[in-house]
Amino acid sequence: MDTQTPLLEAKNLSIAYSTRSGPLNAVINFNMTLHKGDSIGIVGESGCGKTTVLLALMNYLGKNGIITSGDIFFKGKSLLSMSQQELTDIRGNQISMIYQEPMSALNPCLTIGKQLFEVLAFHSNLSPSEAQERTIETLHDVRLPEPEHIMTCYPHQISGGQQQRIVIAMALLSRPTVLLLDEPTTALDVTVEYGIIKLINSLKQKYGSSMIYISHNMGLIRQTCEDLIVMYSGHAVETGKTKDVFSKPSHPYTQGLLKCIPSPAHEPSERPLSPIKGQLPPANDRPKGCFFGPRCHFFKEGLCDNPNGIPLEKTPFHPNHFSRCARTHELEKLEQPPTPKAATRASSSTQDTHPLLSIQNIKKNYHVQQSLFSSLSSSKTKTIKANNDISLSVYKGQIVSIVGESGCGKTTLAKLILGLEKPSSGSISFDNQNISDLSVRTRDTSLISHLQMIFQNPNETLNPSLSVGYQITRAVRKFNPQLSKKDARKKAFKLFDMVSLSPQIFFNRLPMHLSGGQKQRIGISRAFAGSPSLVIADEPVSALDVSVQSSVIELLHKLQLNENCSLLVISHDLSLVRYLSDFVVVMYLGHIMESGPVRDIFSPPFNPYTEALLAAVPIADVSISKRDDIVLEGNLPSPFNPPKGCPLSSRCHRFIEGLCDTTPPPTQKISDVHSITCHIPIDTLKSQPPIFTTNPNQNNQKETKS
Amino acid sequence: MSAPTSSLTKLFRILKDIASSPFGFLGLFLTLFWIFVAIFAPLLAPFSPTELIQPLVKPLSYTKNGQLLILGSDHIGRDVLSRIIHGTRPVLFWSIFATFPAYFIGSSLGLAAGYYKKSTDTILSFIANLILSFPVLVLYLIIIVYLGPSGSNIVVAITFASSPAIFRIVRALTLDIAGRDFINAAQIRGESSLYILFIEILPNAKGPLIVDFCLRVGYTAITIGVLGFLGLGLPPPSPDWGSMINSGRPFALFMPHMVIFPCIAISSFVLGLNLLADEINHINSRI
């Protein structure tokens, strides 16, 4: 392998973007060597330069991207000296890229078949029949059912997961030698993501392509790549074999990242999160020496702030394992940062007899008009059952999570509770008051201030044209009308302090001057402006970077304890759910599939859907091994036309023909609090092995095999 | 990131930003030039706009009394330059003044339609489309002929004809903004609809609206010119550019300066606004 010329090689690559305020160094001194059959993962948070590297590898940086030094070699030839024609021959033909958003990677005006043929027409001289043959073969390889039919469809007619498979097929059509993947599964649901990851792994073997895989998710990289590059602020801070890096992370940043991820296999008290303090430095204002210095626990003056920079050095663990840390060799002996105590919550609080929020048999149907003509004839509307017979209770001081993939009706449920929508039937009572027919307009101030919400998208949660201070003060005054202007301002200052943002600095800023994590903190402080007794958090951290996520999770935890309020967390992230919640409700297509205390949900017996969700969680921790025999095939059924019997029957791996597809499943009680909706007898479900097993010696066979 | 600054320095920074591109500079220059001329018209004009000096003097030539007429005089002997300079006042005043009520009505209804959707939207959109389906000129003619030519009636006509277009822009922007989380947050904390419409939504639509405003002031200037040309503009003594073109029309072949200079005035003003709008749009999309 070492005598062979590498397929793709980046040597001392530095890239800058020219902006109005001068050049910004996006990538500094980046080295990478990709041999045939290799798979390299690049991991890092947003803004660390990973996508820039990927684009540079095709010499496709765009107008304002400049390669300031270094070179890129493809099969020994410099990409930078190639003509436009040579580059065009390589791009898409020898190097293919798979993008993050499948919907924007496909042209909505052309059929899928046409778009696939275009690739071959441009890059190969196959005859039409050969092209057809190869296209169908490739579609089979990406496991799309009925390729001939799919080729006649337009992109909007197929699901997100199928679209991503098409994009992968498109990249594979010309049989590239190098495959570049830019967060290919980030826009997808967990179970779909898991299917795509398995697909990528099997294709890697079949086609023997080398690949470079970019992700912010360490668990995904662990599942797909043999080599790993961890990037931080334009630098590669740690490189090596994936399993070496994960088992012996040598850079404080990598260590910090791994400690930021909640583990779905552990009790929160066993694995408390320790967030990385601070935030990524802006590209035009990086610290001297080690870029991670100001955030690092091991920072040592005079050593880590060396103005000449810190070189990438060999670690003592493995000859191919490098780390850009001035204290690599002494790091192990140094005292680890104190792990914060996991917030311990009195579990007795769940013993309250009266639930704070009680939802009984809620149903919500949406009527959708099919076309202009059907709207005129008025009777022919289709119905989407967004929520179907949902019952759940939240007690005072409890954290309840609702888990499910997109389209399962979790957000609808939140809207019903908040009074933004009215349920079609059933009742919601809050603090012994029936609120199901009270829309938010007719609710009184005290009810409104007791029921608040935290939103998912930090960029949308705040009004971009009003200062954050104004927005918080407005909420304070709305919830406490008796407060004077001055007192409201004081209270707003307190709220800023509560979410650890200095009001002196942030009060008058517009949201655009805040980072994502800071915006999310402001959004959280707004929800707590009226001392709420129940806060609904809709995917509170899913749009944030890993290192920021954990600090926001900790903040939520802390606030919930201090304010003694209940939290209803809506999430698709099971690791987060395990870490945060007392009680979990698993939803699929508007139905509750399983509900119970968090410990019961994460151990057998499982509802098959829970089982599949758990199996799909990517795990970065090498001490955990996971069953990998469960994949949910297929797509979420159309909400217009859900399966007749069990909602999961079209995708279930434990499907029983003649039963599951005809009869709705019964809800079986395992204990007072734990129930599973499934046809399969409890005893059979109980006999399933757990999904996660922890190996204390960290050497697990599956790991070395893959 | 920079700390928030006072609105005056912010305005100055935006103007500097606009002027940093050549087209933006030209747009800003032309617009400010005409505003300057309008403000200082009596000081800048060499003659009174109604003074009869000597008919049909060519540009850059002297009258019998030895007065230099830079842009010549018209058929009854009034100085063209002075008339153009004085003409900026009514044109600028009415084109800006007539755009405001159109904006007020168009954006209020647009906000309502985009926010409440359903039947409010259906009805308002239908009315807007109805008005938009009329040829604009015919609409103006009908209104002005019916109400009589005067400044305030031009405002009525422009408001009636422009607000549907503004309505549609605001409605589309509102539909987008109303779906964002901060609007949900405002609803959840029990804000009134008026507050949500005017404090939460409208400021976020300001970028495209400022651009459209610049363009629309230009169009209104053209409209006033057209109405003046048709003899339906501002009443005779006031020297508006459109009626100058109209009165010069019979002489256009042998005395073209009577027509050309007012035309240049109109088009440079509109061009300036268009370039300015373009550049603001650029800056908006960069942020």
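Per chain, numbering begins at 1; letters A, B, ... match sequence-line order. Hydrogens, waters and symmetry mates are skipped; everything else that's a heavy atom, side chains included, is used.
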So what's closer than 4.5 Å to chain B heavy atoms on A:Leu462: side chain, backbone, both or neither?
-> backbone
Is it true that atom CZ of A:Phe493 has more than 12 heavy atoms of other residues, nucleotides or ligands lying nearer than 6.0 Å?
-> yes
Crowded around B:Phe160 CZ? As in, over 12 foreign heavy atoms under 6.0 Å?
-> no
Tell me, yes or no, whether the heavy-atom count around B:Phe93 atom CZ, taken from other residues, nucleotides or ligands under 6.0 Å, exceeds 12.
-> yes
Under a 4.5 Å heavy-atom cut-off, does chain B meet the side chain of A:Leu451, its backbone, both or neither?
-> backbone
Residue part contacting chain B, namely of A:Phe506, when any heavy atom lies under 4.5 Å | neither
Near A:Lys415 NZ, under 6.0 Å, is it more than 12 heavy atoms from other residues, nucleotides or ligands?
-> no
Neighbour count above 12 (heavy atom, 6.0 Å) for B:Phe198 CZ | yes
Supply the atom-to-atom distance A:Asn457 CG to B:Phe182 CZ, rounded to the nearest 0.5 angstrom.
-> 11.0 Å
Tell me, do B:Tyr195 and A:Arg474 make a side-chain contact under 4.5 Å, heavy atoms counted?
-> yes
Going from CG on A:Asp538 to CG on B:Asn184, what distance comes out if it is rounded to the nearest 0.5 angstrom?
-> 10.0 Å
Against chain B, label A:Arg526 side chain, backbone, both or neither, depending on which of its atoms sit under 4.5 Å from a heavy atom there.
-> side chain
Decide whether B:Asn204 and A:Ser465 meet the rule of one side-chain donor and one side-chain acceptor closer than 3.5 Å.
-> yes
Which atoms of B:Ile183 approach chain A - backbone, side chain, both or neither, heavy atom under 4.5 Å = neither
Would you say the side-chain atoms of A:Arg441 and B:Ser193 include a donor-acceptor pair closer than 3.5 Å?
-> yes
In terms of heavy-atom contacts, A:Val440 and B:Gln187 come closest through CG2-O, 3.3 Å
For A:Tyr17, does the OH atom sit with more than 12 other heavy atoms under 6.0 Å from it, leaving out its own atoms?
-> yes
Kindly check if the number of other-residue, nucleotide or ligand heavy atoms within 6.0 Å of CZ (A:Arg443) is above 12?
-> yes
Between the CG atom in A:Leu466 and the CD1 atom in B:Ile199, the distance rounded to the nearest 0.5 Å is 7.5 Å
When rounded to the nearest 0.5 Å, the distance separating CG of A:Leu418 from CD1 of B:Ile188 is 4.5 Å
Measure the CD-CZ distance between A:Gln452 and B:Arg189 for me, rounded to the nearest 0.5 Å.
-> 8.5 Å
